[in-house]
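We number each residue from 1, following the sequence as shown.
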Amino acid sequence: MNNQDHNAKPFINVTPLIDVLLVLLIIFMVVTPLRPAKIEAKVSSKPDRTKILDPDPHTLVVTIKDDRSLMLNSLDDMGTVGDTTKLSDTLADLFAKRREHHAYSAEMIGRPDVPEDLRIERTVFIKAPRSMSYGEVARVVDGVKGSGAAPLGLVLDDLR
(Lines give C-alpha, C1' and ligand atoms only; values in the text may rest on other atoms or scores of the structure.)
Protein backbone atom coordinates (compact mmCIF):
# COMPACT_ATOMS: atom_id res chain seq x y z
CA MET A 1 0.00 0.00 0.00
CA ASN A 2 1.18 3.39 -0.92
CA ASN A 3 1.52 6.05 1.77
CA GLN A 4 0.01 8.70 -0.55
CA ASP A 5 -3.25 6.69 -0.99
CA HIS A 6 -3.65 6.42 2.72
CA ASN A 7 -3.40 10.21 3.30
CA ALA A 8 -5.61 11.25 0.36
CA LYS A 9 -8.29 13.79 1.28
CA PRO A 10 -11.87 13.08 0.28
CA PHE A 11 -13.16 15.01 -2.72
CA ILE A 12 -16.86 15.64 -3.36
CA ASN A 13 -17.88 16.24 -6.95
CA VAL A 14 -20.55 18.98 -6.86
CA THR A 15 -21.11 19.17 -10.63
CA PRO A 16 -24.09 16.75 -10.65
CA LEU A 17 -25.63 18.64 -7.72
CA ILE A 18 -25.40 21.94 -9.60
CA ASP A 19 -26.91 20.33 -12.70
CA VAL A 20 -29.88 19.06 -10.69
CA LEU A 21 -30.39 22.47 -9.04
CA LEU A 22 -30.33 24.24 -12.42
CA VAL A 23 -32.92 21.83 -13.82
CA LEU A 24 -35.15 22.40 -10.76
CA LEU A 25 -34.77 26.16 -11.17
CA ILE A 26 -35.84 25.98 -14.82
CA ILE A 27 -38.82 23.77 -13.94
CA PHE A 28 -40.01 26.18 -11.24
CA MET A 29 -39.59 29.17 -13.56
CA VAL A 30 -41.74 27.49 -16.23
CA VAL A 31 -44.41 26.32 -13.80
CA THR A 32 -44.76 29.71 -12.07
CA PRO A 33 -47.33 31.86 -13.88
CA LEU A 34 -45.97 35.02 -15.37
CA ARG A 35 -49.01 37.08 -14.40
CA PRO A 36 -51.09 35.75 -11.54
CA ALA A 37 -54.82 36.37 -11.50
CA LYS A 38 -56.01 39.13 -9.24
CA ILE A 39 -59.15 40.89 -8.18
CA GLU A 40 -58.85 44.61 -7.82
CA ALA A 41 -60.49 46.15 -4.80
CA LYS A 42 -60.85 49.65 -3.46
CA VAL A 43 -60.87 49.81 0.32
CA SER A 44 -61.10 53.02 2.28
CA SER A 45 -58.89 53.28 5.32
CA LYS A 46 -61.53 54.63 7.69
CA PRO A 47 -65.03 55.32 6.38
CA ASP A 48 -66.91 58.34 7.69
CA ARG A 49 -70.36 56.99 8.55
CA THR A 50 -71.74 60.39 9.58
CA LYS A 51 -71.85 61.75 6.04
CA ILE A 52 -74.93 61.17 3.93
CA LEU A 53 -73.85 60.86 0.33
CA ASP A 54 -76.02 60.96 -2.75
CA PRO A 55 -75.64 57.80 -4.83
CA ASP A 56 -73.43 58.09 -7.87
CA PRO A 57 -75.49 57.60 -11.06
CA HIS A 58 -72.72 55.35 -12.42
CA THR A 59 -72.85 53.02 -9.41
CA LEU A 60 -74.09 49.53 -10.26
CA VAL A 61 -75.34 47.31 -7.45
CA VAL A 62 -76.35 43.69 -8.05
CA THR A 63 -78.58 42.53 -5.21
CA ILE A 64 -79.11 38.85 -4.52
CA LYS A 65 -82.46 38.51 -2.79
CA ASP A 66 -83.44 35.84 -0.27
CA ASP A 67 -85.34 33.91 -2.96
CA ARG A 68 -82.07 33.72 -5.03
CA SER A 69 -83.33 36.14 -7.68
CA LEU A 70 -81.11 38.97 -8.94
CA MET A 71 -81.73 42.68 -9.15
CA LEU A 72 -79.59 45.37 -10.85
CA ASN A 73 -80.10 48.71 -9.10
CA SER A 74 -83.88 49.13 -9.41
CA LEU A 75 -84.35 46.62 -12.25
CA ASP A 76 -86.02 43.42 -11.09
CA ASP A 77 -85.99 40.09 -12.89
CA MET A 78 -82.30 39.94 -13.81
CA GLY A 79 -82.26 36.15 -13.56
CA THR A 80 -81.36 33.90 -10.69
CA VAL A 81 -78.22 32.74 -8.93
CA GLY A 82 -78.31 29.59 -11.06
CA ASP A 83 -78.69 31.50 -14.36
CA THR A 84 -76.92 34.87 -14.57
CA THR A 85 -77.19 35.16 -18.37
CA LYS A 86 -79.71 38.02 -18.36
CA LEU A 87 -77.67 39.98 -15.81
CA SER A 88 -74.44 39.47 -17.78
CA ASP A 89 -76.08 40.54 -21.05
CA THR A 90 -77.60 43.65 -19.42
CA LEU A 91 -74.26 44.66 -17.90
CA ALA A 92 -72.41 44.07 -21.19
CA ASP A 93 -74.94 46.26 -23.04
CA LEU A 94 -74.63 48.92 -20.37
CA PHE A 95 -70.83 48.94 -20.63
CA ALA A 96 -71.08 49.23 -24.43
CA LYS A 97 -73.39 52.26 -24.04
CA ARG A 98 -71.01 53.79 -21.54
CA ARG A 99 -68.21 53.40 -24.06
CA GLU A 100 -70.30 55.12 -26.76
CA HIS A 101 -71.11 58.01 -24.42
CA HIS A 102 -67.59 58.18 -22.93
CA ALA A 103 -68.75 57.58 -19.35
CA TYR A 104 -65.30 57.45 -17.75
CA SER A 105 -64.51 56.62 -14.15
CA ALA A 106 -63.66 59.63 -11.98
CA GLU A 107 -59.94 58.86 -11.75
CA MET A 108 -59.63 58.27 -15.52
CA ILE A 109 -61.29 61.45 -16.86
CA GLY A 110 -57.99 63.29 -17.21
CA ARG A 111 -56.02 60.31 -18.52
CA PRO A 112 -56.07 60.35 -22.34
CA ASP A 113 -52.91 58.20 -22.31
CA VAL A 114 -54.92 55.19 -21.06
CA PRO A 115 -56.88 53.18 -23.67
CA GLU A 116 -60.58 54.02 -23.72
CA ASP A 117 -61.69 50.51 -22.75
CA LEU A 118 -59.78 50.87 -19.48
CA ARG A 119 -61.21 54.33 -18.77
CA ILE A 120 -64.88 53.29 -18.78
CA GLU A 121 -66.57 53.01 -15.37
CA ARG A 122 -67.17 49.28 -14.85
CA THR A 123 -67.28 49.02 -11.07
CA VAL A 124 -70.03 46.70 -9.81
CA PHE A 125 -71.01 46.01 -6.20
CA ILE A 126 -72.62 42.72 -5.21
CA LYS A 127 -74.94 42.71 -2.21
CA ALA A 128 -76.10 39.40 -0.74
CA PRO A 129 -77.65 38.22 2.52
CA ARG A 130 -75.13 36.88 5.03
CA SER A 131 -76.95 33.54 5.08
CA MET A 132 -76.12 32.83 1.42
CA SER A 133 -73.44 30.25 0.71
CA TYR A 134 -70.09 31.19 -0.78
CA GLY A 135 -70.71 29.07 -3.88
CA GLU A 136 -73.89 30.93 -4.80
CA VAL A 137 -72.22 34.32 -4.46
CA ALA A 138 -69.23 33.04 -6.47
CA ARG A 139 -71.59 32.09 -9.35
CA VAL A 140 -72.90 35.65 -9.44
CA VAL A 141 -69.34 37.05 -9.25
CA ASP A 142 -68.39 34.88 -12.25
CA GLY A 143 -71.41 36.11 -14.21
CA VAL A 144 -70.62 39.74 -13.44
CA LYS A 145 -66.91 39.32 -14.27
CA GLY A 146 -67.93 37.65 -17.55
CA SER A 147 -69.74 40.81 -18.59
CA GLY A 148 -66.52 42.83 -18.35
CA ALA A 149 -66.98 44.38 -14.91
CA ALA A 150 -63.86 45.36 -12.97
CA PRO A 151 -63.31 46.01 -10.14
CA LEU A 152 -65.93 44.21 -8.08
CA GLY A 153 -67.04 45.12 -4.59
CA LEU A 154 -68.80 42.94 -2.07
CA VAL A 155 -71.27 44.70 0.20
CA LEU A 156 -71.26 43.18 3.66
CA ASP A 157 -74.40 44.84 5.03
CA ASP A 158 -77.56 42.89 5.71
CA LEU A 159 -80.49 43.40 3.34
CA ARG A 160 -82.78 44.40 6.18
Side-chain angles (χ1 to χ4, degrees), residues 21-160:
L21 289 176
L22 286 175
V23 168
L24 286 175
L25 179 66
I26 291 170
I27 289 171
F28 285 126
M29 287 173 54
V30 170
V31 171
T32 305
L34 297 177
R35 184 174 173 184
K38 63 180 178 177
I39 296 178
E40 297 178 19
K42 296 178 185 176
V43 179
S44 63
S45 59
K46 194 172 188 182
D48 184 10
R49 299 191 188 270
T50 59
K51 283 186 184 178
I52 297 175
L53 300 174
D54 294 329
D56 185 359
H58 295 290
T59 302
L60 298 172
V61 179
V62 174
T63 305
I64 306 172
K65 297 192 230 176
D66 287 326
D67 63 351
R68 307 303 192 250
S69 63
L70 302 175
M71 192 170 95
L72 177 63
N73 288 0
S74 61
L75 300 174
D76 274 334
D77 190 30
M78 285 287 124
T80 63
V81 170
D83 181 21
T84 60
T85 310
K86 187 172 183 181
L87 175 66
S88 297
D89 292 342
T90 304
L91 285 172
D93 291 341
L94 183 64
F95 295 147
K97 287 179 185 173
R98 284 185 175 184
R99 188 170 193 269
E100 287 176 21
H101 298 295
H102 308 290
Y104 301 133
S105 61
E107 59 266 2
M108 292 292 179
I109 290 176
R111 297 284 314 267
D113 58 320
V114 177
E116 188 166 6
D117 284 340
L118 300 176
R119 296 173 66 192
I120 303 300
E121 179 60 61
R122 294 176 191 226
T123 304
V124 177
F125 295 95
I126 299 174
K127 185 176 184 178
R130 290 183 187 267
S131 62
M132 185 159 295
S133 71
Y134 171 79
E136 291 173 318
V137 176
R139 275 189 226 120
V140 176
V141 169
D142 286 342
V144 171
K145 287 289 279 185
S147 68
L152 292 181
L154 298 176
V155 179
L156 300 176
D157 294 340
D158 288 315
L159 290 176
R160 294 168 204 42

- [ ] Return the set of residues passing side-chain hydrogen bond (donor to acceptor under 3.5 Å, both in side chains) with Asp77 (not counting sequence neighbours), or none when no residue passes.
- [x] Lys86
Task: Residue list, side-chain contact (heavy atoms from CB on, under 4.5 Å) with Leu25, at least two apart or on another chain - done: Met29
- [ ] Give the minimum heavy-atom separation between Phe95 and Ile120, together with the two atoms involved.
- [x] O-CG2, 4.3 Å
TODO: Can you sort out the partners of Asp113 under side-chain contact (heavy atoms from CB on, under 4.5 Å), two or more places apart, ordered by chain and number?
DONE: Arg111
- [ ] Write down the atom of Ser88, the atom of Ser147, and the distance for their closest heavy-atom approach.
- [x] O-CB, 3.4 Å
Task: Closest contact, heavy atoms only, Arg122 versus Gly148 - done: CD-O, 3.2 Å
Task: Close side-chain approach of Asn73 to Leu60, heavy-atom, < 4.5 Å - done: yes
Open item on the list: Just verifying a value: how many Å separate Lys127 NZ and Met71 CE, rounded to the nearest 0.5 Å?
Closed with: 8.5 Å
- [ ] Indicate yes or no: at least one non-hydrogen side-chain atom of Leu70 is less than 4.5 angstrom from one of Ile64.
- [x] yes
Open item on the list: I need the Ser131 OG to Asp66 CG distance, nearest 0.5 Å.
Closed with: 6.0 Å
- [ ] Looking only at non-hydrogen atoms, find the nearest pair between Pro112 and Arg119 and report the distance.
- [x] CA-NH1, 3.7 Å
- [ ] Applying side chain to side chain contact (heavy atoms under 4.5 Å, CB included) between Met78 and each of Thr85, Leu91, Thr90, report the one that passes.
- [x] Thr90
TODO: Flag the pair Val144 / Thr84 as yes when at least one side-chain heavy-atom distance between them is below 4.5 Å, and no otherwise.
DONE: no
